[in-house]
Chemist: 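Sharing a structure below in structure tokens format, with a few things to ask.
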Amino acid sequence: QVQLVESGGGLVQPGGSLRLSCVASGNIFRVNDMGWYRQAPGKQRELVARTTSGGSTNYADFVKGRFTISRDNGWNTVYLQMNSLEPDDTAVYYCNLQVGAGTRYARDFWGQGTQVTVSS
């Protein structure tokens, strides 16, 4: 089966930076997009950034130019460069892979998450 493994989270002070990585393995096919979501305690999981098979990107409004999503050739690894971090960015960050969008075979795969804590 498909596995997604995130890494790169940690504790940083406000204004600091982190680079998250997501490594995908397994039976990966018909990828529509891949991206990052986050969930803070007591909050809904929300989109942070996505990148599509066509190379386009999409960011949540709260990113405000601070984050950049990228990937290497293919879908093996996707990154999230996070700069100018603020306390409100504190959350568990999850990698997501979507396949078969718009069909009966549509499915989402999720990693286990990596904790990002922004505090002085």
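As a basis for the values below, the full set of heavy atoms in this structure was taken, side chains included, without hydrogen atoms, waters or symmetry mates.
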Chemist: If you measure from OH on Tyr94 to OG1 on Thr114, what distance do you get to the nearest 0.5 Å?
Modeler: 10.0 Å

Chemist: In terms of heavy-atom contacts, does CD of Glu46 have more than 12 from other residues, nucleotides or ligands at under 6.0 Å?
Modeler: yes

Chemist: Going through the checks in order, is the side chain to side chain contact (heavy atoms under 4.5 Å, CB included) test met by Ser119 and Thr90?
Modeler: CA-CA 8 Å; Ser119 176; Thr90 296; 6.0 Å; no

Chemist: Roughly how far, to the nearest 0.5 Å, is the OG1 atom of Thr52 from the CG atom of Asn32?
Modeler: 9.0 Å

Chemist: Nearest heavy-atom pair of Pro14 and Ser120: which atoms, and what distance?
Modeler: CD-N, 3.7 Å

Chemist: Check whether Asp33 reaches the backbone of Arg50 with its side chain - one donor and one acceptor, N or O, closer than 3.5 Å.
Modeler: no

Chemist: Return the OH to CG distance between Tyr79 and Asp72, rounded to the nearest 0.5 Å.
Modeler: 5.0 Å

Chemist: Give the minimum heavy-atom separation between Met34 and Cys95, together with the two atoms involved.
Modeler: CE-SG, 3.7 Å

Chemist: Do any N or O atoms from the side chain of Tyr59 and from the backbone of Ile69 form a donor-acceptor pair under 3.5 angstrom?
Modeler: yes

Chemist: Which heavy atom of Ser84 sits nearest to which heavy atom of Ser17, and what is that distance?
Modeler: N-OG, 4.3 Å

Chemist: Hydrophobic cluster membership, with links at side-chain heavy-atom distances under 4.5 Å among I/L/V/M/F/W/Y: are Val2 and Val31 in one?
Modeler: yes

Chemist: Hey, quick one: are Val118 and Phe62 part of the same hydrophobic cluster, counting side-chain heavy atoms closer than 4.5 Å, chains of contacts allowed?
Modeler: yes

Chemist: Would you find more than 12 non-hydrogen atoms of other residues, nucleotides or ligands less than 6.0 Å from Gln3 atom CD?
Modeler: no

Chemist: Between Val48 and Tyr37, which heavy-atom pair has the shortest distance, and what is it?
Modeler: CG2-C, 3.9 Å

Chemist: Is a side-chain donor-acceptor pair under 3.5 Å present for Gln81 with Asn83?
Modeler: yes

Chemist: Does the side chain to side chain contact (heavy atoms under 4.5 Å, CB included) test come out yes or no for Phe109 and Ile28, once each step is laid out?
Modeler: CA-CA 10 Å; Phe109 299 95; Ile28 303 171; over 6 Å; no

Chemist: Let me confirm one number: the CD-CH2 distance from Glu6 to Trp36, rounded to the nearest 0.5 Å.
Modeler: 5.5 Å

Chemist: CG of Asp89 to CZ of Arg66: how many Å apart, nearest 0.5 Å?
Modeler: 4.0 Å

Chemist: Closest approach of Phe67 and Leu80, non-hydrogen atoms and distance?
Modeler: CB-CD1, 4.0 Å

Chemist: Hydrophobic cluster membership, with links at side-chain heavy-atom distances under 4.5 Å among I/L/V/M/F/W/Y: are Leu85 and Val92 in one?
Modeler: no

Chemist: Would you name the heavy atoms of Tyr93 and Leu20 that are closest together and state the gap between them?
Modeler: CB-CD1, 3.7 Å

Chemist: Kindly compute the distance separating NZ (Lys64) from CD (Glu86), expressed to the nearest 0.5 Å.
Modeler: 10.0 Å

